[in-house]
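I have placed the structure first, in the form of structure tokens, so that the comments after it can refer back to it.
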Amino acid sequence: MTGVRHPVIRTPDHRIRVFVSSTLRELADERRAARTAIERMRLAPVMFELGARPHPPRELYRSYLEQSDVFVGIYWESYGWIAPDGDVSGLEDEYNLAPRGMPKLIYIKASTHREERLTALLARVRDDDTAAYFTFETADELQDRLADDLATLFAERFEESRAEQPAAASEDSAVTRMPAAYTRIIGRDRAIEQVVSLLRDRATRVVTICGPGGIGKSRLAIAVAEAAAPLFPDGIVFVPLENVLEPELLLSTIGYALGIRETTGLQLEERLALALDKRRLLFVLDNFEQIVSAAPILVRLFTIAPDAAFLVTSRVVLRIRGERVFDVDPLPTNDPESPDSIGRARNAAAIELFAERARAANPEFELTDANLAPVVEICRVLEGVPLALELAAARIRLLGPADILRRLDRQLALLVDASRDVPLRQRTLRSTIEWSAELLDPSSRRLLMELAVYSPGFTLASVEAMGRLREWDFDVFESLETLVDSSLVHQDDVDGQAAFSLLVSVREYGVEDLAATGQEDAVRDAHAAVYTAVARAEAENLGTGDQLAAVARLTLERGNLRGAVRHLAARADAETACDVAWRLFVFWWVGGYLLEVAVWLQAILDRTGAVASSREQAIVAFYAGWRDAWTTHRPGIAPILLDAAKEFESEGDMLGVAMATTTAGVAEINSPAPDVAAASRWLSEGAEAFRRADVGWGECLALVALGRIALLMGRHDDATELFRRGAEASRACGERFAGTVALHHVGRMMLLSDRLDDAEDAYLESLSGSVALRHEEGIAYCLEGLSAVAARRRDARRAGVLAGAAASIRRRTAAIDADAFVYHVRFLDELRATDAAAELAEGEAEGLEFGSFEAARFAERDARRLVSP
């Protein structure tokens, strides 16, 4: 459809995306089987599931298809739902829209009662030379067959697809990470111009878009950022703060949005200063009212990021130096030149918004002379508040405008009058939410209230788990679908999985309702129990071959894990909170969340005080020690960790003993005046303890640290053997992250031994793991190693591109290379001293423009294409 911008749904780790088409309910088991098969192969399933509803908007699934790589169709008996304005079902439409060149795998479940139109569609499939079709009888059979077929497909097409893949634009040269806007903005053209004008003045450091809930602050900020993009050549960074309640986490949250992790010896502010030096960036800080006491930190950022600007959305003014405030007004509900004219009100922004959202709910809705008057009055009653208008418009599927007006007029007068303690416009919005909620059936209303304790980004599986704990006696799928249809719950797609959220205003209303009925604590207890179970289940996978899927699931629901830990702390349940934090160590490590976890745990200890057990105190001490071992390098950390190891031993927690002892060795290595013998002893004890516990990632970590000591002492053969053993320990358990660290060290030793092919193999294997985990510092290390290999082979352009790309990553993320790891430079300098210097410099300049994943693709292409004589 020309001129339509489809929603952008990106796979966070850039895996191959497999679009799954089928009817939802009759093939629910088969869809689960398909998803299991796809994820088992580390691919990304693209599935609507609940969020897209049985009849999703055509443009949305068209967007999914455009960004997918493989089409999987699963068919049984039903032809599927046909929209009122459609000639074919969504099922057939998806097949029609799948690009001809996209591989299609079609699976047909045996049946003797197939609908006639589905039979006709399957006849077309059999005649389609771009589709391969198979029959099956059970979900288990489908799962095995699909996994085998995908493996065969990629084995056949891998080389061809690599050769034909167009060069991708740099993913990271400009860090535009704004959320996709699924609807166009209405009635805000002048507001956009005014805010962009404020940002155009480089003396303006902070613009606060201010207004009550539901007025459209976040949507306006997204539109402003899009319009202001040319003013910020280094990119736009969106930082959601809705789920951040601790002011001390503001800087780390901003850093995380930039790709900065807590992994080097510099303090966070220093790393931010390096990453933001001379970069003209726009930061969009959304929902700042959550941590308004952190506003003075923005003033510190003026110095750290002198060329950056900050666009803030907040319900309250920040009142800091350099702030410019833009108040968001409601949408006009009439023509200012003729306020009493119904006809001329037709073009008012509020009426346009209502009509557009009503058509989204019911494609047959049209604004006519007959219904214009009640629509105008609805918008007037709702005072032009966008969220209130959208909630009312969502009811057009069941009620006509006149019916909506009668119900609103009667109920809002009562509800608004009963809420004199809040501003009028806010009363109108909250009353509209309540009116919309009261139109729900009892099951859907209960679900809405209890979902209010969830943070943005929760899954259907987590809701179903809550239902089991709360003993819901209704169909969760149907009730959640009703809430999505009513615009009370929003759905997004994350890595092919449906993720759900409530708007802040709706969530606040739900929490107040729970508190008023005395249910809040019980519901929060159930929510915490759900995510405690998620943590414990996924923890089992973090050190195994299922690590990537576990990290993806935990990342998606991190906000809810955070909320669960907060609630456990509030309930003084330090035991469970610490247990959750402890089990997820690998996740915090991979994701770079150590500072955040240390803040949570210290808050728990402060709250529980002396009642905390020795094991809980040991866990808190361990996380603080781990963090400090890598970020402060101060003396005296090792004894604290060794004391924690004794506490773990007294509790019979031998994994805790291994982790604390190993980390004591790491801390000692990194201290200003290390006791090398003691550090080696502690690391050896830790490696052995991990080996006895069959914890491969821990053994790998300890062996790599021992290898580093051997390398620093000139024992190259010992270092090589220790690094190899570390890589083998990681491979044995199937995990990836520790393995990437060990393999990088193996590559280094092979390079220093002039075994270039072996070095390249190790770096490429490490690179593959770092890309899968989206670990940019790991990618940088691998690119540097591969640039050194290329330099030894006198491939000047390749060496330059890889070195330039690594330098770009390090600058952007402030991942400053430790001196002990800077070894590729000398190989580049040797090449620079030859007649290849100019070609090397050209390559470095080219590499600086590469994004992380573009550089990784470049590195994997043409490896060994130029071998030294």
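We're numbering straight along the sequence, starting at 1. This one's a predicted model, so the numbers in the text were calculated from it and none came from an experiment.
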side-chain contact (heavy atoms from CB on, under 4.5 Å) assessment of L773 paired with Q547: CA-CA 9 Å; L773 289 162; Q547 185 182 68; 4.1 Å; yes

Trace of the side-chain contact (heavy atoms from CB on, under 4.5 Å) decision for L281 with L258: CA-CA 11 Å; L281 284 162; L258 281 166; 4.2 Å; yes

Residues I209, V312; criterion side-chain contact (heavy atoms from CB on, under 4.5 Å); working and verdict: CA-CA 6 Å; I209 296 178; V312 176; over 6 Å; no

P330 and I215, any side-chain heavy atoms less than 4.5 Å apart: yes

Pair R188 + E193: basic N to acidic O under 4.0 Å: no

Least distance between heavy atoms, G214 atom then S505 atom: N-OG, 3.7 Å

Backbone of A581 reached by a side-chain donor or acceptor of W588 within 3.5 Å: yes

Euclidean distance, L231 CG relative to R200 CZ, rounded to 0.5 Å: 5.5 Å

Flag side-chain contact, heavy atom, 4.5 Å: F326 against L220: yes

Pairwise side-chain contact, V207 with V325, heavy-atom cut-off 4.5 Å (strictly under): no

A564 to A528 - nearest heavy-atom pair and separation: CB-CA, 3.8 Å

Contact summary for A550 and L542, nearest pair of heavy atoms: CB-CD2, 3.9 Å

Check: F238 ring centre within less than 6.0 Å of F283 ring centre: no

N/O donor-acceptor pair under 3.5 Å between R811 side chain and D277 backbone: yes

Heavy-atom side-chain proximity of D234 to L282 below 4.5 angstrom: no

Partners meeting side chain to side chain donor-acceptor pair (under 3.5 Å) with E248 (sequence neighbours left out): none

is_close_aromatic(F737, W697), centroid dist under 6.0 Å: no

Contact check, side chains of V239 and D286, non-hydrogen atoms, under 4.5 Å: no

Aromatic F500 / basic R507 pairing, under 6.0 angstrom, 45° off normal: no

Plane angle bin for H744 and Y823 - parallel if under 30°, tilted between 30 and 60°, otherwise perpendicular: tilted

Point-to-point distance, once rounded to the nearest 0.5 Å, from OG of S314 to CD of Q290: 9.5 Å

Minimum side-chain heavy-atom gap L502-H490 below 4.5 Å: no

Interatomic distance, E242 atom CD to F288 atom CZ [nearest 0.5 angstrom]: 15.0 Å

Aromatic plane relationship, Y593 with F587 - under 30° parallel, 30 to 60° tilted, over 60° perpendicular: tilted

Interatomic spacing from CD in Q617 to CG in D643 - rounded to 0.5 Å: 11.5 Å

No-hydrogen, no-angle side-chain donor-acceptor test under 3.5 Å, D573 and T576: yes

L554 CG to N560 CG distance, which is reported to the nearest 0.5 Å: 11.5 Å

E616 (side chain) donor-acceptor with A574 (main chain) under 3.5 angstrom: no

Reported CD-to-CG distance for the pair E668 and N670, which is rounded to 0.5 angstrom: 9.5 Å

R279 and D307, any side-chain heavy atoms less than 4.5 Å apart: no

Considering all heavy atoms, the nearest G665-A679 contact: O-CB, 3.7 Å

Pair E784 + R810: basic N to acidic O under 4.0 Å: yes

Aromatic ring pairing F458/Y454, orientation class (parallel under 30°, perpendicular over 60°, tilted between): tilted

Short side-chain to backbone donor-acceptor contact, S770 and L767, under 3.5 Å: no

Pair S852-R812, side-chain donor/acceptor within less than 3.5 Å: yes

Flag, side chain of T662 to backbone of M659, donor-acceptor distance under 3.5 Å: no

Short side-chain to backbone donor-acceptor contact, S808 and G804, under 3.5 Å: no

Non-hydrogen atoms of L276 and I304 that approach each other most closely: CB-O, 4.2 Å

Donor-acceptor contact below 3.5 Å, side chain R300 vs main chain P296: no

Exam field: side chain R205 to backbone A308, donor-acceptor pair closer than 3.5 Å: yes

Candidate list E323, R324, K217, test side-chain hydrogen bond (donor to acceptor under 3.5 Å, both in side chains), partner T208, passing option: E323

Side chain S766, main chain T740, donor-acceptor under 3.5 Å: yes

Full working for side-chain contact (heavy atoms from CB on, under 4.5 Å) between R202 and R280: CA-CA 10 Å; R202 293 186 70 118; R280 182 66 174 154; 3.7 Å; yes

Which atom of P230 lies closest to which atom of A227, heavy atoms considered: CD-O, 3.4 Å

Any residue meeting side chain to side chain donor-acceptor pair (under 3.5 Å) with S462, in chain and number order, not counting sequence neighbours: T459, Y531, R553, E557

Contact check, side chains of L561 and L584, non-hydrogen atoms, under 4.5 Å: yes

